[in-house]
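None of these values were measured; they are calculated from a predicted model.
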Amino acid sequence: MKSVRTAALDVLTDLGSGVLLAVAFYSFAIPADFPMTGVSGVALIFYHLAGLPVGIMTIVLNIPIVLCCYRTLGKQFYLNSLKTTIITSVIMDVLGPRLPAYHGELLLAAICAGVFCGIGYAIVFMRNSSTGGFDFIMVTIRHYHPHLSLGRIGFALDVVVILIGGFLIGDVDAVIYGIILNYLYTMVLDQVLYGTSAGKLTLIITDFPEEMVRAIDETTGRGATVLNGSGGYTGEDKSVVMCASSKKEMYGIRKRAHEVDEKAFVIIVESNEVIGEGFHLPQDTAL
């Protein structure tokens with residue numbers, strides 16, 4: 001019964017995300033001719049060039065990306081993302097053209113599109129899923145070039161799509177508003193999920209440290225450190241699993257921790273800066 005409820009909640013989340021993204025794109029971004037990022041941004045370029053539906057093009061563009069990036073994705077995350085991509089794309093194409101278009105102030109349109117996108121993507125990430133596309137590309141590039149941070153990879157990809165979209169639209173103002181939109185989207189996404197800190201440090205007190213380390217690796221690809229401790233009251237030996245992660249990854253770690261050990265004591269703290277492999281390298285601190 002629990003798995004049925006979980007599956008139903010996942011589908012409802014995908015439907016809700018699809019509605020929010022449809023509003024962001026068809027009610028605000030498309031009427032204002034804003035260039036957007038990610039695979040949806042590329043699909044939006046095709047919409048402007050040939051009038052092709054954004055949702056269908058999102059699915060089509062995701063196919064080669066998934067085929068190229070499959071090896072670096074966990075099976076469950078891949079299946080969840082595939083489901084989410086299909087559902088949200090269909091909802092966007094069915095509902096989007098029927099939504100009223102906003103033709104008011106461009107700044108307000110950018111703000112609304114960014115907020116709706118941020119919330120729409122955030123609720124998907126909270127269910128251990130994604131809408132595929134550039135998320136897959138970022139993880140794959142990071143896999144083969146671990147010295148690059150995901151933030152820098154994502155920023156580079158976003159800038160390329162925005163500039164191409166702005167060039168095709170032929171409006172410098174649209175490029176500026178597109179950058180504002182995507183900056184707001186990133187802020188809202190982070191705020192809905194975990195706040196605005198640079199990262200998260202998770203401390204897990206558990207009787208199953210080896211299983212916990214494997215679960216963290218399978219969920220996020222992050223390494224973990226096992227510390228030896230003892231209970232202050234009981235004096236019993238305890239293991240503390242410590243893992244530094246991004247904000248998005250922390251949610252998956254927290255969920256998996258209680259799946260491995262329902263009695264685990266989980267502490268999550270803000271991390272203003274993390275220096276080391278997978279985050280900032282020592283030389284990055286001078287930048």
Side-chain angles (χ1 to χ4, degrees), residues 10-66 80-125 127 129-136 158 161-171 173-182 184-186 188-189 192:
D10 286 343
V11 173
L12 288 175
T13 300
D14 293 341
L15 291 173
S17 176
V19 172
L20 291 170
L21 295 177
V23 172
F25 277 86
Y26 282 93
S27 291
F28 296 104
I30 290 177
D33 284 336
F34 290 152
M36 298 187 69
T37 60
V39 171
S40 297
V42 179
L44 192 57
I45 293 175
F46 282 97
Y47 177 87
H48 286 295
L49 290 176
L52 299 176
V54 174
I56 295 298
M57 282 306 302
T58 299
I59 295 177
V60 172
L61 293 170
N62 264 292
I63 293 175
I65 294 176
V66 170
N80 289 345
S81 299
L82 181 62
K83 168 183 63 65
T84 298
T85 300
I86 293 175
I87 292 177
T88 55
S89 298
V90 171
I91 291 297
M92 286 177 64
D93 282 345
V94 172
L95 178 63
R98 295 172 172 80
L99 293 172
Y102 176 77
H103 295 287
E105 293 290 335
L106 293 181
L107 182 58
L108 292 178
I111 292 173
C112 291
V115 170
F116 280 113
C117 275
I119 299 175
Y121 286 120
I123 62 176
V124 166
F125 289 136
R127 300 299 299 174
S129 185
S130 75
T131 55
F134 277 21
D135 284 346
F136 289 174
D158 290 347
V161 175
I162 289 177
L163 291 179
I164 293 177
F167 175 78
L168 293 175
I169 295 173
D171 188 347
D173 289 342
V175 175
I176 296 174
Y177 283 118
I179 294 174
I180 294 174
L181 185 162
N182 284 279
L184 290 172
Y185 147 67
T186 301
V188 172
L189 175 65
V192 171

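- When Thr13, Thr85, Thr84 are each tested for a side chain to side chain donor-acceptor pair (under 3.5 Å) with Ser129, only one passes: Thr84.
- The residue from Leu82, Asp10, Leu15 that alone fulfils the side-chain contact (heavy atoms from CB on, under 4.5 Å) condition with Ile87 is Leu15.
- With rounding to the nearest 0.5 Å, the separation of CD1 in Ile162 from OH in Tyr177 is 14.5 Å.
- Classified by interplanar angle (parallel below 30°, tilted 30° to 60°, perpendicular above 60°), the ring pair Phe28/Phe116 is parallel.
- Annotation for Ala32 and Leu106: closest pair CB-CD2, 3.8 Å, computed over non-hydrogen atoms.
- Ring pair Tyr47/Phe25: centre-to-centre distance not below 6.0 Å.
- Summarising the geometry of Leu95 relative to Ala22, their closest heavy-atom pair is CD2-CB, 4.5 Å, with the distance given to 0.1 Å.
- For Val60, the side chain to side chain contact (heavy atoms under 4.5 Å, CB included) partners two or more places apart in sequence, or in a different chain, are Ile56.
- Scanning for side chain to side chain contact (heavy atoms under 4.5 Å, CB included) contacts around Leu61 gives Val39, Val42, Ala43, Phe46, Met57, with sequence neighbours left out.
- Here the closest heavy-atom approach between residue Pro31 and residue Ser27 is recorded as CG-O, 3.5 Å.
- Looking at every heavy atom in both residues, Asn80 comes nearest to Arg127 through ND2-O, 4.4 Å.
- In plain terms, the two heavy atoms of Leu181 and Ala113 that are nearest each other are CD1-CB, 3.4 Å.
- Under the rule for a side chain to side chain contact (heavy atoms under 4.5 Å, CB included), the partners of Ser17 that lie at least two apart in sequence or sit in another chain are Leu21, Thr88, Ile123, Val124.
- Interatomic distance, CG of Asp14 versus CD1 of Ile91, reported as 9.5 Å (0.5 Å rounding).
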